[in-house]
Every structure is written in C-alpha cells, then in structure tokens.
Amino acid sequence: MKIAVIGSGYVGLVTGTCLADLGNDVMCVDNDQTKIEKLKQGIMPIYEPDLEEKVLSNRQENRISFSDSVKEAVDFAEIIFIAVGTPTLENGEPDLSSVEHVSKEIAFHMKDYRLIIEKSTVPVRTGNWIKQTIKDNLAHGIEFDVASNPEFLREGSALSDFMHPDRIIIGTDSPRAVSILVKLYETLNAPILVTDIESAELIKHCANAFLAMKISFINAVSQICEKTNADIMKVAKGIGLDRRIGLDFLQAGVGFGGFCFPKDLDAFINLAFKLGYDFKLLKAVKEINHEQKSNFCFKVEKLLGKDLKNKVIGILGLSFKPNTDDLRFSPALEIIKILQDKGAKIKAYDPKSMSKAKEVLDEVCFCKDPYETAQDAEALLIITEWLIFKNLDLIKLKKIMKRALIIDGRNIYDPKRLKKVGFEYYAVGRGENI
Ligand code: UGA
C-alpha cells in the first residue's frame with residue numbers, strides 16, 4: 001500500500017518505518033526541513049533501539065522516503081496518517097493547531113479518495129472535527145474517510161511494540177476504511193477491535209490514565225511499606241499474580257515521567273472537566289506522582305543532613321526511563337532541581353541523554369561513566385534503571401565514594417547484597433523507615 005505519515009516525531013517515524021518494514025511504500029513528512037535533510041542522510045532525530053537500522057534497510061529497498069511537502073504526500077498516498085505533535089497549552093488543553101493545519105492542507109491538495117487516520121494523541125471528538133475541517137476545505141465531490149487508530153508504543157521498545165501489539169484499535173464509521181486498515185494490519189496477527197471514532201479516541205485516554213493510576217497506586221503503597229517494614233517488591237508481586245490485576249506497571253519508584261503520561265493525564269482531566277465531570281481519581285494520580293519525587297528528596301535530606309550545601313551527590317540516570325534519550329518530564333530533572341535549590345553539588349551520568357541534558361541542566365558536572373559520577377560523592381542516587389547500573393562493580397564503587405550511601409529510586413538492587421558489600425542502602429518502599 002502507499003502510505004504517507006505526516007509528522008516525523010517519535011510516533012510518526014516509528015509508525016512509518018514499521019509500515020515500510022511490513023512491505024508498504026511509505027513517505028514520511030515533516031515541516032522541519034533540517035530534520036528531513038538529516039533523515040535523508042540516515043541521521044535519526046531521536047534514539048530508539050533498532051530505528052536507525054530499520055530506516056536504513058528500508059531506504060535501501062526504496063520502501064521509505066522523506067519529504068517536507070504535504071502536497072507530495074497527498075499526491076503519493078491513499079492512506080495518510082496524521083502524527084503531528086499536540087503539546088499542552090498553558091491552560092492545560094492540547095494544542096491542535098498542527099492537526100488543523102495539516103487537515104486543511106490535505107483537503108486542499110486532495111484530488112481523489114483518501115483515508116485520513118488520526119494517530120496523534122488527541123481529545124475525544126477530534127476525529128469528527130478533522131472530518132468537518134476537511135469537508136469545509138475540500139473541492140466538491142471528492143470522497144474521503146477519517147479513522148482513529150491510536151498508538152500504544154512505548155519509548156525504548158516502540159518498534160517491537162508496533163510489530164507485536166496486544167490489540168489494534170480502528171475507530172471509524174466507514175466500512176471502506178475498516179477494510180483498508182484490516183488489510184494493512186492483518187500480517188501483525190493481533191486482535192483488531194473496530195469501534196466508532198469517539199470510543200477509539202477514549203480508549204487511548206483511558207489506557208494511559210489507567211497505567212499511570214497503577215503506578216501511582218503502587219507508589220502510594222510504597223509509602224505505607226516504609227512505615228510498616230513491608231517490602232513493596234513482594235507486595236507488588238503478591239497482588240500482581242492475581243490475573244485480574246497483572247504484574248505490569250507495578251514497579252514503585254520516583255514516579256512516572258515522559259512526554260505521554262503527564263501530558264495525557266492533564267488533557268484527560270481537562271477534557272472531563274469541560275464535559276462537566278471532575279475526575280478526582282486522576283487528580284490524585286498526578287498528586288501522588290509529584291509527592292513521590294519530593295518524598296525521595298526528603299529521604300536524601302534526612303540521610304545527608306538538612307543542609308545539603310556543597311554536598312556532592314552523584315546521579316545515575318537522567319532519561320525518564322531506560323533505552324531512550326528522552327528527558328521530557330523526566331523525574332531526574334525535577335529531583336536535581338530540588339537538590340540544587342538546597343545547595344547540593346550534582347554530578348551526573350546517563351548512557352544516552354548526556355548531550356540533551358547539557359542543554360537543559362545548569363551547574364551539573366557531567367561525568368564519563370558511573371564511577372566518575374560516584375567519585376568522592378556523599379550519596380549515589382539511582383534515578384533511571386538502565387541495565388548497566390544493575391551490573392556495577394560495587395567494591396570499586398564503595399572505595400571511591402566519600403560515603404558509601406546508595407539511595408535507589410528504582411529498586412534495582414537486592415538490599416541484602418548491598419548491605420553485605422558495606423553500603424548504606426535505601427530504596428523505595430522496602431521497609432526502611434528512616
Ligand atoms: C506510554 C505508554 O506505556 C504507551 O502505551 C503509550 O503509547 C505511550 O505512553 C504514548 O502515549 O505515546 P512511554 O511514556 O514511552 O509509554 O513509557 P512507559 O514505559 O509507559 O513509562 C512511562 C513512565 O512510567 C516512565 O517514567 C517509567 O519509569 C514509569 N513507570 C512505568 C514506573 O514508574 N513504574 C512502572 O511500573 C512502569
């Protein structure tokens with residue numbers, strides 16, 4: 001099939017690349033000309049495992065091309081995905097101006113039937129608004145359909161998530177659109193749920209909100225664990241083995257970050273409010289997530305003494321989760337800011353996000369590896385659970401630190417092992433009431 005994906009950010013680029021890998025002819029479009037030029041040269045705008053390799057191999061097979069022209073995309077493809085950004089405005093609502101602009105451009109250039117698919121995360125009822133926008137700007141008599149096909153890709157495992165989805169949601173009232181999309185996705189062998197547009201859009205809101213709720217639930221329980229000597233890892237496993245609850249997304253820590261959960265929660269709370277419903281549950285999810293970071297910093301203060309002035313603290317992990325260089329709404333940024341405000345001197349290391357971190361963090365000493373970060377530090381904080389942090393040489397680490405203190409915000413170590421090596425070790429919700 002001939003497909004265009006408009007918006008070559010994380011969602012658009014992964015979607016386009018995977019659709020090309022399934023054997024389709026794909027054109028990825030973006031209005032950022034520098035990004036398109038770089039993509040043409042094989043330079044990726046983001047780090048995502050396997051992305052570069054797949055883009056290059058599909059380019060070699062002439063299945064993927066890049067352009068900055070929506071007109072070119074509309075001429076080229078029958079199926080057009082809209083995957084442009086929908087950042088949050090100051091009033092908490094998502095900015096749909098790019099979606100609107102692209103919809104108008106598609107309408108303007110359309111000469112024949114096109115299926116337009118909403119892939120960006122948008123508020124429920126945007127699909128029908130896109131339909132109306134296209135209708136209002138279209139030359140008379142041209143047929144088109146609009147469908148919602150939300151994505152459930154996780155950064156760090158996006159290509160694998162695309163190829164092995166738990167389900168595919170197709171929201172449309174058009175049988176023609178259903179048959180095109182079923183054909184497009186049939187090789188993935190995943191359950192396909194066909195719904196109306198509004199339900200498909202709401203499924204996306206609910207999936208992210210529910211996952212965020214699971215994380216905040218377990219983080220709230222971690223606070224109780226610290227007050228009762230219980231171990232959150234065991235509690236999470238004990239409840240997660242109940243198939244009705246499930247083991248996933250019950251990892252307590254410093255809270256969730258990233259561009260999706262915080263933004264999508266705000267958008268859902270806002271949307272509900274506009275519809276006349278006060279979504280208190282989701283407000284609490286947000287609040288608990290915020291508290292989790294301040295509680296973690298409070299623990300650091302309790303262990304190092306109230307005055308953090310000139311205390312050297314090493315930070316391992318800056319990205320909002322492992323296997324990505326994405327720093328947006330990363331817990332590390334918030335934690336570093338709180339500690340710096342209290343006078344601490346921060347050293348930091350992250351395997352992938354160092355160059356991005358240098359742009360957004362001030363007065364941080366960026367180190368070449370975890371050991372340089374730990375050198376002379378009075379505490380080492382684990383903020384992102386990168387695999388390499390799980391396999392550090394603990395004896396070496398202990399020797400080079402000023403104080404052998406690890407405060408683990410992701411519960412990556414076995415407390416007994418750490419204590420045996422001679423570390424003071426504190427994690428999240430693992431019984432230690434400081
Ligand atoms: C999330 C969803 O998982 C995807 O399904 C969705 O498509 C995506 O948002 C989106 O809307 O685009 P993502 O933000 O990439 O994906 O990452 P997650 O793996 O969901 O992690 C989000 C945050 O939650 C991270 O900061 C992670 O450290 C934290 N987390 C996750 C926990 O603190 N505990 C857990 O048990 C799981």
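When reading the values below, keep in mind they use all heavy atoms of this one structure, side chains included, and skip hydrogens, waters and symmetry mates. For ligands, and for the atoms within them, numbers begin at 1 and follow the listed sequence.
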Considering non-hydrogen atoms of the protein only, which is the closest contact for [atom], and what is the distance?
{"atom": "atom 1 (C) of ligand 1", "result": "Phe261 CE2, 3.5 Å"}
{"atom": "atom 30 (N) of ligand 1", "result": "Ile215 CD1, 3.4 Å"}
{"atom": "atom 19 (O) of ligand 1", "result": "Lys321 NZ, 2.8 Å"}
{"atom": "atom 3 (O) of ligand 1", "result": "Arg154 CG, 3.3 Å"}
{"atom": "atom 36 (O) of ligand 1", "result": "Gln251 N, 2.8 Å"}

Within-cut-off N or O pair, [X] and ligand 1, under 3.5 Å:
{"X": "Glu151", "value": "yes"}
{"X": "Glu155", "value": "yes"}
{"X": "Arg410", "value": "yes"}
{"X": "Cys260", "value": "no"}
{"X": "Glu385", "value": "no"}

| said: Between ligand 1 and Lys204, can you find any atom pair, the residue atom being a heavy atom, that is separated by under 4.0 Å? | reply: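 Contact check Lys204 vs ligand 1: positive.
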| message | Between ligand 1 and Gly253, can you find any atom pair, the residue atom being a heavy atom, that is separated by under 4.0 Å? | response | no
| field | Glu155 side chain to Ser319 side chain, donor-acceptor N/O pair below 3.5 angstrom | value | no
| Distance-only side-chain donor-acceptor flag, Asp326 / Tyr10, under 3.5 Å |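 No donor-acceptor contact under 3.5 Å links the two side chains.
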| said: Looking at Asp231 and Arg430, is there a salt bridge between them, counting it only when a charged N and a carboxylate O are closer than 4.0 Å? | reply: yes
| query | Do Asp242 and Arg244 sit within salt-bridge range, that is, some charged N less than 4.0 Å from a carboxylate O? | reply |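 Salt bridge between Asp242 and Arg244, a charged N being under 4.0 Å from a carboxylate O: yes.
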Nearest option to [atom], as decided by whichever heavy atom of [options] sits closest:
{"atom": "atom 25 (C) of ligand 1", "options": "Phe329, Phe320, Phe152", "answer": "Phe320"}
{"atom": "atom 23 (C) of ligand 1", "options": "Tyr10, Phe249, Phe256, Phe259", "answer": "Phe256"}
{"atom": "atom 6 (C) of ligand 1", "options": "Val14, Ile218, Leu153", "answer": "Leu153"}

